[in-house]
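So the structure is just underneath, and the comments pick up after that.
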There are 2 protein chains.
Amino acid sequence: MTIQGGMSDELANQPDLLDPLLDKIYLLPALSRLALKKYIREVSYPKGYILLRADKVETDIYFIKKGIVRAYAQTPANEITFWFGQEGDIVISMKSYVENQKGYEDVELLDNCDLYQLKIHDLQQLFGQDIHLANWGRKLAEQELVKTEERLISRQFRTAGQRYNELLQKNPALIQRVQLGYIASYLGITQVSLSRIRAELK
Amino acid sequence: MTIQGGMSDELANQPDLLDPLLDKIYLLPALSRLALKKYIREVSYPKGYILLRADKVETDIYFIKKGIVRAYAQTPANEITFWFGQEGDIVISMKSYVENQKGYEDVELLDNCDLYQLKIHDLQQLFGQDIHLANWGRKLAEQELVKTEERLISRQFRTAGQRYNELLQKNPALIQRVQLGYIASYLGITQVSLSRIRAELK
DNA sequence: CTCATTTTTTATCATTTGTAAAATTTTGTC
DNA sequence: GACAAAATTTTACAAATGATAAAAAATGAG
């Protein structure tokens with residue numbers, strides 16, 4: 001079986017991790033899914049690569065096939081990490097995607113990463129043409145919205161110590177994969193404070 | 001001129017504040033907008049009324065025509081206000097809307113309020129039928145997402161004092177309309193701390 | 001394996017923020 | 001306008017967090 005269209009051989013030939021990723025958002029009819037996949041290509045970048053830049057209107061969004069990334073913002077005083085992305089997560093500059101404006105964040109690869117790349121422009125064209133893809137895009141935004149709301153609530157309702165424990169429970173792998181300085185920043189405390197919290201747990 | 005369909009006379013007869021509210025999200029073709037408005041009705045509730053409840057899967061969403069509301073969550077220790085809504089804002093339990101699950105929040109009316117009410121079920125039906133409404137729903141989620149992200153960033157990047165000043169500048173009316181205890185909670189500090197911040201500004 | 005570099009922890013002190021209680025101001029009702 | 005209730009500010013003290021520096025541990029290159 002061959003798949004027609006602009007899809008790369010690379011993408012067509014390997015066991016497909018993309019389909020479940022797309023369907024997790026919203027179950028698409030086969031034709032709509034194919035139409036979308038025509039515009040998706042796979043890319044790899046090395047550890048340390050800056051995938052998105054705060055001073056730029058980004059033109060692409062990414063799905064993480066393999067690897068881990070962090071989003072951070074530069075402030076006059078220091079640098080604040082406010083998001084980690086792992087396998088299955090979506091990397092978007094929301095400001096670019098929604099408002100065509102510069103975002104807040106740089107996104108840095110903390111590992112060598114394999115990514116699925118998709119042009120925002122192509123996606124928006126599809127939204128106007130295919131009701132299933134329009135609803136897929138709706139669910140994409142809605143699911144990110146719930147996740148973002150959960151992060152906001154966690155931050156507003158829980159102390160840094162509680163949030164660290166929450167992270168330990170829900171995502172123990174993250175703490176193995178990411179250095180504690182970034183995690184402290186993510187929790188909104190200094191690395192010294194995080195050390196104190198960790199010391200209390202022993 | 002008469003408008004056919006299920007729209008109430010009340011809604012049809014008054015100067016329409018609803019159209020601009022709907023179009024601000026995403027400019028709809030006339031037919032799609034009419035299809036949507038058929039399911040929207042206007043309701044009023046008094047100050048103190050609890051519009052959404054944390055322990056309930058909510059079935060409706062609301063647009064605020066007139067008035068001001070707050071969302072808060074009950075914690076074992078106390079009550080945390082984490083959102084204010086005013087004219088033009090949308091009141092949704094995102095967990096109910098997106099995942100059909102209980103949310104975190106009660107929403108209390110801080111004034112007598114006029115609201116536009118819309119059943120989530122009806123809206124979701126429309127999303128499957130009309131690509132323009134599907135894209136309207138997409139933009140609704142996307143715009144709320146950017147707003148939520150901005151609240152998260154504000155909270156993570158700025159001190160309570162900075163955030164109070166930001167609020168003073170961007171939304172001075174809010175501070176007039178809402179008691180400071182709620183605003184302190186919203187800023188993530190005690191009322192005593194907020195008093196200290198306000199005292200320093202004089 | 002060893003050394004240099006980076007990351008994490010520990011210790012000390014200064015600052016900020018919270019808690020509790022009292023004093024003051026504002027609001028709403030009769 | 002006077003009173004009661006609610007909201008806000010002030011004060012004093014306690015607890016938590018940050019800044020800085022130094023020690024310890026972990027990581028990585030040769």
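Here is the naming used below: chain letters follow the sequence lines, and residue numbers restart at 1 for every chain.
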Every protein N/O within reach of nucleotides 11-20 of chain C N/O, cut-off under 3.5 Å:
from   : atom 1 : to       : atom 2 : distance (Å)
C:dG18 : OP2    : B:Thr190 : OG1    : 3.3
C:dG18 : OP2    : B:Ser193 : OG     : 2.3
C:dG18 : N7     : B:Arg196 : NH2    : 2.6
C:dG18 : O6     : B:Arg196 : NH1    : 3.3

Quick one: does any side-chain atom of A:Asp106 pair with a main-chain N or O of A:Ala54 as donor and acceptor, under 3.5 Å?
yes
Spacing between A:Leu180 atom CG and C:dT6 atom P, to the nearest angstrom
17 Å
Is the closest side-chain donor-acceptor distance between B:Arg138 and B:Tyr26 under 3.5 Å?
no
A:Arg198 CZ to D:dA26 P: how many Å, rounded?
11 Å
Send over the distance from B:Gln179 CD to D:dT8 C1', rounded to a whole Å.
10 Å
Separation of A:Tyr164 atom OH from D:dT17 atom C1', in whole Å?
18 Å
With a cut-off of under 6.0 Å to the ring centre and 45° to the axis, is B:Arg151 in cation-pi contact with B:Phe82?
no
Write down the distance between CD (A:Gln191) and P (C:dT10), rounded to a whole number of angstrom.
12 Å
Between CD1 of B:Ile197 and P of D:dT10 the distance, given in whole Å, is 13 Å
Strictly below 4.0 Å, N to O, side chains only: are A:Glu150 and B:Lys95 in salt-bridge contact?
yes
Just how far, in rounded Å, is P of C:dT6 from NZ of A:Lys47?
13 Å
Rounding to an integer number of Å, can you tell me how far A:Glu200 CD sits from C:dT9 P?
13 Å
Are side-chain N/O atoms of A:Glu42 and A:Tyr116 paired as donor and acceptor at under 3.5 Å?
no
Between B:Asp111 and B:Lys47, is the salt bridge (Lys or Arg N to Asp or Glu O under 4.0 Å) condition met? List the steps.
CA-CA 4 Å; B:Asp111 260 331; B:Lys47 177 172 179 170; 5.3 Å; no
